[in-house]
Every structure is written in C-alpha cells, then in structure tokens.
Peer 1: 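I'd like to ask you about the structure that follows.
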Amino acid sequence: MYQTILHDFDMRMLMDSGQVFRICCCGENTYAVASGRHLVRIRQTACGPSKEGTLSAFGMSGEGVSVEFSCSPQEFDSYWYNYFDLSTDYGAMKKAVDPKDSFLTSAISYGGGIRILRQDLWETILCFLISQNNNITRIRNSVDALCRRYGERLEPEGFLTGEESLSERDFYSFPEPEKIASGGLEGLQGLGLGYRDKYILAMAKRCCNGSGKEFFHSLQNADYEEAIAILTGEFGIGRKVADCICLFALHHIGAFPVDTHVKQILAAYYPKGFPFERYQGFAGVIQQYMFYYKLSLPSSRTKKEAVKPAPARKKIS
DNA sequence: GTCCAGGAAAAAC
DNA sequence: GTTTTTCATGGA
C-alpha cells in the first residue's frame with residue numbers, strides 16, 4: 001500500500017471523463033484502474049478541514065484528497081505517478097482561465113479533479129478507434145469485452161488498508177496486437193463493435209511483431225503535427241480520433257479534439273469563436289474540463305433547437 | 001420508428 | 001475539391 005495527498009485529483013471525475021475506459025468503481029470511494037498489464041485499486045477520502053464534504057469538493061485545488069494505492073511504493077513511482085501525470089501543476093492552468101468566461105469557470109468548478117492521463121499508446125489507439133460514433137457506456141463495454149476475450153486475467157496487487165473483501169469483479173490485461181490479429185474478424189464478433197471491427201483488425205495486423213514497436217516509437221518521437229499526420233494516415237483514424245490519441249496517450253496537451261459534444265459547446269456558448277490563443281499549448285486540458293461539464297448539463301441546453309429554433313416539425317402521418 | 005453517441009470511409013455531387 | 005451517405009449497435 002502507498003498513501004499520499006493529491007491536489008486537482010478526483011477518481012470519480014477521471015473515471016467518467018471520457019478519456020479512459022478501464023476505470024471502474026468497486027466500492028465506496030474505491031476504484032480499480034487497469035492499464036496495459038497493470039492493475040491497481042485506489043481509495044480516495046477527503047482530508048483536512050474542508051467544507052461539508054460533498055464529492056464535488058474532492059480534487060479542488062487547495063483542499064487535496066487523501067489517496068491510497070493498493071500497490072507498492074515502487075510500483076507507484078515507476079508507473080502510476082506518471083500515468084496520473086502527477087508532476088504537472090493543474091492549478092496554474094486553471095488560473096489562466098478568463099474569469100469572465102462563465103461556462104469555463106463553471107466547468108472547472110465542476111470538474112476540477114480531472115487530469116490528462118498518460119495512457120498506454122496501443123491501448124489508447126484501439127479504445128479511440130472503438131469510440132467513433134459511439135457512446136461512453138458502449139465503448140466501456142466493448143473494451144471490457146475485448147480484454148475478457150483476448151487479455152489475461154490480472155491478479156490484484158497489494159491491498160488497501162482495512163480491505164475486507166476484494167471486488168467480485170475481475171480484470172484483464174489489454175490484449176496484444178498478435179492476439180487480436182490471430183482471431184480474425186470472427187474473433188471480434190459479439191463485442192458490440194459494429195462496423196468498427198474491421199478498423200480494429202487492420203490496426204492489430206499492422207502492429208503485429210516488430211512493426212508495432214516501430215510505429216509506436218515513431219509516434220512517441222514525433223511532435224504534435226507529425227503525430228497527427230502519421231495517425232490520420234491509418235485506416236479508421238480521422239482528425240478527431242488522432243487528436244484524442246495525441247492528448248490522452250502522447251500527452252500533447254495542446255490537442256483539442258472536437259467531437260459531437262464539443263461541437264455543441266462551441267456552437268452554444270462560443271458562437272463568435274473560442275479563444276484558443278489564450279490557451280495556447282494546453283487547450284486540451286481546457287477542452288477536457290468543458291467536455292466533462294457538458295455531460296452533466298441537460299441536453300436541451302446545447303442541442304441545436306436550443307441554439308437555433310428548429311423549423312416546424314414535420315407532421316407524422 | 002427516430003434520434004443519438006468522444007466519426008470516418010466511401011460515394012456522389 | 002467539397003458535400004452527402006453509409007456504416008452497426010443499443011439506449012432513450
């Protein structure tokens with residue numbers, strides 16, 4: 001077990017932020033995080049004198065949360081510290097936000113515990129291939145089903161203090177390209193992938209054996225623009241998915257993925273344009289606060305009808 | 001039945 | 001070169 005105090009950190013927000021699909025809640029204030037072949041359980045509790053502790057108070061700058069990792073301090077240092085991007089000061093980026101921008105200030109007050117994770121590249125490429133024209137719940141289910149079919153069962157590492165029983169749920173490693181490729185298209189049926197199965201298979205074949213390592217290294221050594229060019233050259237990856245991979249795996253935090261939600265935000269709240277110049281170099285962090293906050297809003301607020309009233313509805317016969 | 005979801009490829013203009 | 005259609009799937 002390893003315990004520490006963290007700022008700008010909230011597991012529930014990270015779990016639901018849409019950047020990662022392998023975190024689940026497995027008890028009160030307790031979460032399981034799987035990444036590649038790593039698995040850890042994390043318990044987070046409010047600490048210090050804070051205003052009556054709502055969950056939303058977690059992770060706000062200044063307050064901090066007490067966080068227990070089930071793993072050893074060595075595993076924390078060598079993997080999870082980097083995964084959660086704990087060397088970055090998010091308070092500084094929050095302060096850069098225009099105080100007159102009420103949408104953004106609300107978004108940060110609502111989702112201040114979000115960070116940009118440094119996720120495994122192979123895993124992130126596949127997860128965001130699955131994400132296209134899909135919703136977060138279905139993505140999570142497909143990713144989990146894929147890991148159950150081709151991954152290996154992971155043994156929980158270490159224990160949290162006073163842990164009575166482990167979660168009934170079991171966890172699997174993210175499958176290697178060779179495993180997915182060998183199963184062919186048939187091996188991808190029944191996972192809810194829909195038409196995306198052919199993208200997954202093509203990417204798995206492309207990353208088999210040595211060529212995957214080369215591909216990953218070229219991406220990791222590329223700057224943002226180069227990475228976008230490489231990624232969008234692949235079957236099934238367009239600009240939006242490429243931006244997500246750049247942001248969530250390659251940590252190009254200037255990347256600003258525009259999906260259906262962000263498109264709605266920009267149309268509804270920034271009709272005269274979003275001030276990208278103000279957030280140069282870290283717009284992706286700002287984007288993530290906006291995205292997460294938007295998920296909590298009633299859809300009527302940003303749906304097209306709310307912005308521009310739709311013409312009279314066509315009469316049904 | 002229709003619309004929507006962290007879109008992109010293929011077809012059609 | 002740009003716009004439109006198609007592509008699976010399941011929940012609302």
Side-chain angles (χ1 to χ4, degrees), chain A residues 13-23 107 111 114-117 119 123-146 149 185-203 206 228-269 274 283-308 310-317:
Chain A
M13 295 178 192
L14 289 169
M15 175 177 74
D16 293 330
S17 66
Q19 65 176 303
V20 58
F21 307 100
R22 298 241 287 150
I23 300 181
I114 292 178
R115 313 176 74 84
I116 305 297
L117 303 178
Q119 299 185 68
E123 186 170 328
T124 304
I125 290 172
L126 253 65
C127 287
F128 281 91
L129 273 176
I130 296 172
S131 78
Q132 66 163 268
N133 199 30
N134 209 343
N135 64 56
I136 292 176
T137 304
R138 276 175 43 75
I139 299 164
R140 232 185 238 127
N141 290 338
S142 285
V143 170
D144 185 59
L146 181 66
R149 178 160 301 177
L185 215 48
E186 308 78 44
L188 294 173
Q189 302 309 302
L191 305 180
L193 294 171
Y195 66 92
R196 308 166 194 84
D197 55 1
K198 56 184 177 292
Y199 301 149
I200 305 296
L201 181 61
M203 186 58 69
R206 190 233 178 288
I228 289 289
I230 296 171
L231 286 165
T232 54
E234 298 294 324
F235 186 45
I237 300 185
R239 182 59 193 249
K240 188 270 170 182
V241 168
D243 268 327
C244 284
I245 296 166
C246 281
L247 184 56
F248 303 136
L250 300 173
H251 209 73
H252 294 301
I253 61 174
F256 190 91
V258 178
D259 75 320
T260 174
H261 296 290
V262 174
K263 205 171 291 178
Q264 290 173 34
I265 294 168
L266 295 180
Y269 297 94
F274 184 77
V285 179
I286 301 299
Q287 186 268 10
Q288 202 51 24
Y289 293 134
M290 292 167 47
F291 176 87
Y292 178 69
Y293 180 51
K294 191 269 178 189
L295 294 183
S296 75
L297 298 174
S299 61
S300 60
R301 182 62 188 84
T302 56
K303 281 288 158 60
K304 282 175 187 155
E305 302 98 55
V307 181
K308 187 195 291 183
R313 207 163 276 231
K314 193 170 68 175
K315 240 184 103 167
I316 44 174
S317 60

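No hydrogens, no waters, no symmetry mates; every other heavy atom, side chains included, goes into these values. Note that the structure is a prediction, hence the values are computed from the model and not measured.
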Peer 1: Rounding to an integer number of angstrom, what distance separates B:dA10 and C:dA8 when you compare their P atoms?
Peer 2: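 Going atom to atom, P in each nucleotide, I get 13 Å.
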Peer 1: Checking A:D259 now: which residues fulfil side chain to side chain donor-acceptor pair (under 3.5 Å) with it, not counting sequence neighbours?
Peer 2: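 If we apply the side chain to side chain donor-acceptor pair (under 3.5 Å) test to A:D259, skipping adjacent residues, there are no hits.
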Peer 1: Heavy atoms under 4.0 Å, any strand shown: does A:Y292 hit a base, just sugar-phosphate, or nothing?
Peer 2: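 The residue A:Y292 makes no contact with any strand.
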Peer 1: When you measure from the side chain of A:R138 to the backbone of A:G192, do you find a donor-acceptor pair of N or O atoms at a distance under 3.5 Å?
Peer 2: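 Yes: the side chain of A:R138 pairs with the backbone of A:G192.
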Peer 1: For nucleotides 4-9 of chain C, read 5' to 3', which letter fits each nucleotide if B means a protein heavy atom sits under 4.0 Å from the base, S means only the sugar-phosphate is that close, and - means neither?
Peer 2: ---BBB
Peer 1: Taking the same atom, C1', in C:dG10 and in B:dG1, what whole-Å distance lies between them?
Peer 2: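 Rounded to whole Å, the distance is 15 Å.
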Peer 1: With the threshold set at under 4.0 Å for non-hydrogen atoms, list the residues of residues 235-246 of chain A touching DNA chain B in residue-number order.
Peer 2: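 Those residues whose heavy atoms fall under 4.0 Å from DNA chain B, taken from residues 235-246 of chain A in numerical order, are A:F235, A:G236, A:I237, A:G238, A:R239, A:K240, A:V241.
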Peer 1: Using the P atom as the point on both nucleotides, what is the distance between C:dT5 and B:dT2, in whole Å?
Peer 2: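 Comparing P positions in B:dT2 and C:dT5 gives a spacing of 16 Å.
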Peer 1: Any side-chain heavy atom of A:F274 sitting closer than 4.5 Å to one from A:M290?
Peer 2: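 Yes, at least one pair of side-chain atoms sits under 4.5 Å.
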Peer 1: Distance check needed: B:dG7 C1' versus A:L126 CG, whole Å only.
Peer 2: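 Those two atoms, CG and C1', are 16 Å apart.
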Peer 1: Verify, without hydrogens or angle tests, whether A:S296 (side chain) and A:Y293 (backbone) share a donor-acceptor contact under 3.5 angstrom.
Peer 2: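 Flag set: sc A:S296 to bb A:Y293 pair under 3.5 Å.
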Peer 1: Determine the interatomic distance between P on C:dT6 and the same-named atom on B:dC3; round to the nearest Å.
Peer 2: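 C:dT6 and B:dC3 have their P atoms separated by 14 Å.
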Peer 1: Could you check how far CZ of A:R140 sits from P of C:dG11, rounded to whole Å?
Peer 2: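 In whole Å, C:dG11 P and A:R140 CZ are 15 Å from each other.
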Peer 1: How long is the line joining CD1 of A:I116 and P of B:dG6, in whole Å?
Peer 2: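 Going from A:I116 (CD1) to B:dG6 (P), I get 17 Å.
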Peer 1: On a plain distance test, is the side chain of A:Q264 in donor-acceptor contact with the base of B:dG6 below 3.5 Å?
Peer 2: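 Not at all, since no donor on one side and acceptor on the other fall under 3.5 Å apart.
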Peer 1: Suppose we screen for ring pair (Phe, Tyr, Trp, His ring centres under 6.0 Å). Which residues come up paired with A:Y269, at least two apart in sequence or across chains?
Peer 2: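 Expected list: A:F103.
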Peer 1: Under 4.0 Å, counting only non-hydrogen atoms across every strand here, what does A:S17 touch: a base, just sugar-phosphate, or nothing?
Peer 2: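 Base contact.
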Peer 1: Atom CE of A:M15 to atom C1' of B:dG6: distance rounded to whole Å?
Peer 2: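 A:M15 atom CE is separated from B:dG6 atom C1' by 17 Å.
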Peer 1: Under a plain distance cut-off of 3.5 Å, with no hydrogens placed, do A:Q132 and A:Y195 share a side-chain donor-acceptor pair?
Peer 2: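 A:Q132 and A:Y195 do have a side-chain donor-acceptor pair below 3.5 Å.
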Peer 1: Is there ring stacking between A:F128 and B:dG6, where the centres must be under 5.5 angstrom apart and the planes under 30 degrees?
Peer 2: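 No, A:F128 does not stack on the base of B:dG6, since the centre distance and plane angle fail the 5.5 Å and 30° test.
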Peer 1: Given atom CD1 of A:I200 and atom C1' of B:dG7, what is their separation to the nearest angstrom?
Peer 2: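 Those two atoms, CD1 and C1', are 13 Å apart.
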Peer 1: Can a donor-acceptor pair be found, under 3.5 Å and without considering hydrogens, that links the side chain of A:Q19 to the backbone of A:L117?
Peer 2: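 Yes; at least one donor-acceptor contact below 3.5 Å.
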Peer 1: When the distance from CD of A:E234 to P of B:dA8 is rounded to whole Å, what number comes out?
Peer 2: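 Rounding to the nearest Å, CD of A:E234 and P of B:dA8 are 14 Å apart.
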Peer 1: Could you check, using the six-membered ring where one of them is a Trp, whether A:F21 and A:F128 have ring centers closer than 6.0 angstrom?
Peer 2: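 When the ring centroids of A:F21 and A:F128 are compared, they turn out to be within the sub-6.0 Å range.
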Peer 1: Starting from P on B:dG6, measure out to CD1 on A:I286 and report it in whole angstrom.
Peer 2: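 A:I286 atom CD1 is separated from B:dG6 atom P by 21 Å.
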Peer 1: Taking only residues two or more places apart in sequence, or in another chain, which ones meet A:Y199 in a ring pair (Phe, Tyr, Trp, His ring centres under 6.0 Å)?
Peer 2: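 A:F235.
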Peer 1: Would you indicate what A:V258 reaches in the nucleic acid, counting non-hydrogen atoms under 4.0 angstrom: base, sugar-phosphate, or nothing?
Peer 2: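 Answer is nothing: A:V258 stays at 4.0 Å or more from every strand.
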Peer 1: Answer yes or no: does a side-chain N or O of A:T260 lie under 4.0 Å from OP1 or OP2 of B:dA5?
Peer 2: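 Result: yes.
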Peer 1: Nearest-Å distance, CG (A:D259) to C1' (B:dC4)?
Peer 2: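 Atom CG in A:D259 sits about 13 Å away from atom C1' in B:dC4.
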Peer 1: With sequence neighbours excluded, what pairs up with A:H261 under the side chain to side chain donor-acceptor pair (under 3.5 Å) test?
Peer 2: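 Result, side chain to side chain donor-acceptor pair (under 3.5 Å) vs A:H261: A:K294.
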